[in-house]
Amino acid sequence: YYTSGYYTQALANWQLASERFEQEEDFANYASLLGNIAIAQLALGESDAAATSLAQAQVSLESVSSSVYTDRIHAQILSAQGQLSKAQGDFSAAVAFFSQSTDYYQRSHDIEGSLRAQLYQSSLLHRQGREQDALRLLSMQQDKILPTLPTDASFKSSGFRQLGLVFLQMGHYEQSKSALTASLEAANVTGAEQDISEAYLALGNLERGQDDGSRTAATHYKQAIASA
């Protein structure tokens, strides 16, 4: 429900499930669901309720032993706290939460989660005027992390695409084009039609913003439609 935008229904389902985990004293999964609940509450504009859910999640995690699984839950909760701080306009706190989230994702060997947290962090650093810090994080992903993934890794294409979109948001055309081209190449290896289509669409949006790119953009849009 949540990924389809049905936040209210998703929230209701997660709250029912969380009550069961709480009754069973399964505090790790209880905390994980509280993190999901907080994100849904935030999407519905209920920031106070989201803050309460995240505080409850942190308390629950204090009673569970450390493991790869709980590290991932810690990362999830910290990322949600980062999104809450961002929504409240406290960018410095949000950057700190996303940085901590990245550490936990890396400890749990979750490359996708780590990238997502660093993309949030980079966007916030850019908004704070900390351009070099933002570029350092993005360049590390582009040069050292994503290229090391297997060529058939399903996340490789979407990871490069997300990276390229953040570069574009920050106004770095060449880095964006390089990442989006890598996204398309990775998608062509796996043959995933949706990834191919989304890579062409992103490249079209990139070219559309350039003075002489309208024709290239139109070509990419046609390729996106053909690949869908």
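Note that the structure is predicted; figures quoted are calculated from it, not measured.
Two residues are said to be in side-chain contact when any heavy atoms from C-beta on lie closer than 4.5 Å; Q81 and Q100 fail this criterion. T70 places none of its side-chain heavy atoms less than 4.5 Å from the side chain of S65. Side-chain contact between Y104 and D110: absent, with no pair of heavy atoms (C-beta onward) separated by less than 4.5 Å. With contacts defined as side-chain heavy-atom distances shorter than 4.5 Å, the pair N36/L11 does not qualify. S158 places a side-chain heavy atom less than 4.5 Å from the side chain of F155. Between Q58 and L78 the shortest side-chain heavy-atom distance falls below 4.5 Å. Side chains of L135 and M170 form a contact here, defined as non-hydrogen atoms less than 4.5 Å apart. You'll find the side chain of I37 reaches within 4.5 Å of the side chain of S18, heavy atoms only.
With rounding to the nearest 0.5 Å, the separation of CG in L34 from CD in Q76 is 9.5 Å. Atom OG1 of T151 is separated from atom CG of N188 by 12.0 Å, given to the nearest 0.5 angstrom. Remark: S122 OG to R136 CZ distance equals 8.5 Å, nearest 0.5 Å. One finds the CD atom of Q162 at 9.0 Å from the CG atom of L146 (value rounded to the nearest 0.5 Å). Between the OG atom in S108 and the NE2 atom in H74 there is a gap of 11.0 Å [rounded to 0.5 Å]. Atom CG of N29 and atom CZ of R20 lie 8.5 Å apart (nearest 0.5 Å).
Considering every non-hydrogen atom in both S101 and A117, the closest pair reads OG-CB, 3.9 Å. A31 and I77 get closest at one heavy-atom pair: O-CD1, 3.4 Å. Counting all heavy atoms, side chain and backbone alike, T190 lies closest to A153 at CG2-O, 4.2 Å. Closest approach of G35 to A80, counting heavy atoms only: O-CB, 4.4 Å. Considering all non-hydrogen atoms of both residues, S123 and Q169 come closest at OG-OE1, 3.2 Å.
Between D195 and R161 a salt bridge is recorded (basic side-chain N to carboxylate O distance below 4.0 Å).
Not one N or O on the side chain of S85 forms a donor-acceptor pair closer than 3.5 Å with the backbone of G82. A donor-acceptor pair is defined here as one N or O able to donate and one able to accept, closer than 3.5 Å; such a pair exists between the side chain of K156 and the backbone of L149. A side-chain donor-acceptor contact under 3.5 Å links T102 to the backbone of F98. Using modelled atom types, no side-chain atom of S63 and backbone atom of V59 make a donor-acceptor pair closer than 3.5 Å. With hydrogens and angles disregarded, a donor-acceptor distance shorter than 3.5 Å links the side chain of S53 to the backbone of A49. In this structure, the side chain of S79 does not engage the main chain of A75 through any donor-acceptor pair within 3.5 Å. In this structure a side-chain-to-backbone donor-acceptor pair under 3.5 Å is missing from S176 to H172. Judged by distance alone, with hydrogens and angles left aside, the side-chain atoms of S183 form no donor-acceptor pair with the main-chain N or O of F160 at under 3.5 Å.
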request  = Report the C-alpha separation of R72 and H109 in whole Å, then their side-chain angles, then the decisive distance to 0.1 Å, and conclude whether the side-chain contact (heavy atoms from CB on, under 4.5 Å) test is met.
outcome  = CA-CA 9 Å; R72 187 171 290 126; H109 312 293; 5.5 Å; no
query = What do the steps show when you test S139 against L137 for side-chain contact (heavy atoms from CB on, under 4.5 Å), and what is the final call?
reply = CA-CA 6 Å; S139 297; L137 286 176; over 6 Å; no
key: Residues T148, K144; criterion side-chain contact (heavy atoms from CB on, under 4.5 Å); working and verdict   = CA-CA 7 Å; T148 65; K144 297 182 180 179; 5.9 Å; no
key: Steps toward side chain to side chain donor-acceptor pair (under 3.5 Å) verdict (Q142, Q175)   = CA-CA 9 Å; Q142 186 172 27; Q175 291 97 324; over 6 Å; no
task = Evaluate the side-chain contact (heavy atoms from CB on, under 4.5 Å) criterion for residues D71 and S66: first the C-alpha distance (whole Å), next the side-chain angles of each, then the deciding distance (0.1 Å), finally the verdict.
result = CA-CA 7 Å; D71 281 346; S66 178; 3.8 Å; yes
message = Set out, in order, the CA-CA distance, both residues' side-chain angles and the distance that settles side chain to side chain donor-acceptor pair (under 3.5 Å) for S47 and Q88, then state yes or no.
response = CA-CA 8 Å; S47 58; Q88 294 172 331; 4.8 Å; no
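Within a 6.0 Å sphere centred on CG of D143, other residues, nucleotides and ligands contribute more than 12 heavy atoms.
When the side chains of ILVMFWY residues are joined at heavy-atom separations under 4.5 Å, either directly or via intervening members, Y120 and L125 end up in a single hydrophobic cluster. Each of F91 and F97 belongs to its own hydrophobic cluster when Ile, Leu, Val, Met, Phe, Trp and Tyr are linked at side-chain heavy-atom distances under 4.5 angstrom. Residue I73 is grouped with residue Y30 when hydrophobic side chains (ILVMFWY) are merged at heavy-atom distances under 4.5 angstrom, including chains of intermediate members. Note: the hydrophobic cluster containing L33 also contains L44 (ILVMFWY, side chain heavy atoms under 4.5 Å, direct or indirect links). Residues L165 and L138 do not share a hydrophobic cluster, clusters being chains of Ile/Leu/Val/Met/Phe/Trp/Tyr side chains in contact below 4.5 Å.
Y173 forms part of a hydrophobic cluster together with L168, L180, L184, I196, Y200, L203, L206, judged by ILVMFWY side-chain heavy-atom separations under 4.5 Å.
Counting only N and O atoms by type, the side chains of Q194 and E198 include a donor and acceptor under 3.5 Å apart.
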